[in-house]
Asks: 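Here it is: the structure, laid out below.
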There are 2 protein chains.
Amino acid sequence: MTRTRDRFITATNELFRRYGYNGTSLKQVTEAAAAPVGSLYHFFPGGKTELTEAVIEETGAAYLELFELIADSVADPAQTVEAFFSAAADTLEQTGYIDVCPIGTVAREIANTDDRLRSAASKVFASWAQALAARLCAAGLDQQQAARLATTVICTLEGSFVVGRTSRDADAVRHAGTHLGDLVGACLTSGSQPSRVNRS
Amino acid sequence: MTRTRDRFITATNELFRRYGYNGTSLKQVTEAAAAPVGSLYHFFPGGKTELTEAVIEETGAAYLELFELIADSVADPAQTVEAFFSAAADTLEQTGYIDVCPIGTVAREIANTDDRLRSAASKVFASWAQALAARLCAAGLDQQQAARLATTVICTLEGSFVVGRTSRDADAVRHAGTHLGDLVGACLTSGSQPSRVNRS
DNA sequence: ACTCTAATAGAACGAACGTTCTAGACTCAA
DNA sequence: TTGAGTCTAGAACGTTCGTTCTATTAGAGT
């Protein structure tokens, strides 16, 4: 049996991906983690908020690691983007259209009520964008262009989870990946011949 | 005073945009609508689900109308996309970073629990994509390309709401609009000289 | 003036919520 | 063997949830 704290994180991650933040009760969490509520408050004295913060941070770190792994295994950022979307689409299908990312769901629910969680989610999105931006810089884009393009990719990624899951259509995620991969490719090759994107 | 049913819809729309589906109680709804709970169940006998379905459908129709309005006022689909994102960014700022769209939030919360609402949200996304796809077709894209590109735009739009609101940065939405406008423009001008996008 | 339906009004329901609390069990150094 | 700290265990708390229910009021049609 894995350590209790990890079971809480894993269980909560999956429950958030199905039911969201407010849709997930601590009773569900303790049952899925096979641990009593006393243990939950032992590891997360701050209750649901602290548990959620841990889920956001750990999930954010895990996906960041996955991104670096994919980025290292393909030739250029355009392929990285396409591969990441493709992997997400596979996950979406394989899990029966559970959300790929618990953070986007939770972020939308708590953005106006819990500034600590909002900030945690914001930091995760920024860390992902930063990781991609670094690859874009290495491929020749200047910092500002890279940062903006990377953020747009994260936007499309998160949005494709919403649309793909709601429509039960993983291909929407795959096609979005193709489009964004093309956009990244176009931005990278247009360095010498500035397009509207690069002037903006 | 507006009609009671409309007040319920409006109030619920705004509450969803702040607190999401599960984060919004019917007590909040009745207070914001200044109407008793008896009236709520009079107009929406199906309770919270039926109220939500109405909100999804009416909001979907309203944004569809807004899209057509913007599309008619600019020269081409690329500008339409950029203008729509820009308007959304303005809304985000002006409302103090309340969500621009209640449907995306709600969709993610209920996609695994309420198939009727999921289907309603899916239909709305499809109607938006269809409206944009029609403009893309009129500008020269073939049907499949148009449908896929339009869906990607919707993905990015919804995702930019998540990222923009979480990061309290409306420029993320604007830049996403610029990028997607460029992508649309590129797809439209590459008809004679097929790119990867068009071959996919 | 009367009737009938639409709409208002809010008390009351059982269920579920997040959290707190006390008590017991296990681990390992002293 | 003892004692302290970690972790397990779940009953209990007050609150809030969505919904149901009965009564009352408003207004249009005859």
Side-chain angles (χ1 to χ4, degrees), chain A residues 1-56 102 105-106 109-118 120, chain B residues 1-56 102 105-106 109-118 120:
Chain A
M1 187 84 93
T2 32
R3 292 179 56 79
T4 305
R5 205 195 101 105
D6 290 338
R7 289 207 315 281
F8 278 126
I9 302 269
T10 305
T12 307
N13 178 305
E14 287 179 13
L15 286 163
F16 280 176
R17 286 164 60 190
R18 274 178 224 266
Y19 312 118
Y21 176 80
N22 287 307
T24 298
S25 72
L26 296 187
K27 185 161 180 279
Q28 287 176 289
V29 169
T30 54
E31 279 171 5
V37 61
S39 295
L40 198 160
Y41 278 87
H42 171 75
F43 289 108
F44 306 98
K48 196 177 187 180
T49 301
E50 189 173 334
L51 169 64
T52 304
E53 193 177 22
V55 169
I56 290 173
T105 312
V106 172
E109 289 184 72
I110 50 75
N112 278 94
T113 55
D114 192 321
D115 209 62
R116 183 153 151 232
L117 292 182
R118 185 198 60 74
Chain B
M1 187 83 90
T2 32
R3 291 180 57 79
T4 305
R5 205 196 102 105
D6 291 337
R7 289 206 315 281
F8 278 127
I9 303 268
T10 304
T12 307
N13 178 306
E14 288 179 13
L15 286 164
F16 280 176
R17 286 165 57 191
R18 273 177 224 267
Y19 312 116
Y21 176 80
N22 286 308
T24 298
S25 72
L26 295 188
K27 186 161 181 277
Q28 287 177 289
V29 169
T30 54
E31 279 172 4
V37 60
S39 295
L40 198 160
Y41 279 86
H42 172 74
F43 288 108
F44 307 97
K48 196 176 186 181
T49 300
E50 189 173 335
L51 169 63
T52 304
E53 193 177 22
V55 169
I56 290 173
T105 312
V106 172
E109 290 184 71
I110 50 74
N112 279 93
T113 55
D114 192 321
D115 210 63
R116 181 152 153 233
L117 293 182
R118 184 197 62 74

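Since the model is a prediction, treat every value here as computed from it, not as a measurement. In the text below, chain A, chain B and the rest are named by the order of the sequence lines, each starting its count at 1.
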Asks: Using a heavy-atom cut-off of under 4.0 Å over every strand shown, decide if Y41(B) touches base, sugar-phosphate, or nothing.
Replies: base
Asks: Please check the phosphate of dC7(D) (OP1 and OP2 only) for any side-chain N or O of H42(A) closer than 4.0 Å.
Replies: yes
Asks: With a 4.0 Å cutoff (strictly under), does any side-chain N or O of S25(B) reach OP1 or OP2 of dC17(D)?
Replies: yes
Asks: Quickly, which of T12(B), I56(B), T24(B) forms a side chain to side chain contact (heavy atoms under 4.5 Å, CB included) with L51(B)? Name it, please.
Replies: T12(B)
Asks: Using whole Å, report how far NZ of K27(A) lies from P of dT19(C).
Replies: 16 Å
Asks: How long is the line joining CD of E50(B) and P of dG18(D), in whole Å?
Replies: 16 Å
Asks: Which is true for T24(B) with a 4.0 Å heavy-atom rule: it touches a base, it touches only sugar-phosphate, or it touches nothing?
Replies: sugar-phosphate
Asks: Give, for atom CG of N13(B) and atom CZ of F8(B), the distance between the pair rounded to the nearest 0.5 Å.
Replies: 15.0 Å
Asks: I'd like to check R5(B) versus F44(B) (side-chain heavy atoms, cut-off strictly below 4.5 Å). Are they in contact?
Replies: yes
Asks: Give, for atom OH of Y19(A) and atom CG of N22(B), the distance between the pair rounded to the nearest 0.5 Å.
Replies: 12.0 Å
Asks: Would you tell me if any nitrogen or oxygen in the side chain of T4(A) comes within less than 4.0 Å of OP1 or OP2 on dC7(D)?
Replies: no
Asks: How would you label the contact of G47(B) with the nucleic acid (heavy atoms, under 4.0 Å): base, sugar-phosphate, or nothing?
Replies: sugar-phosphate
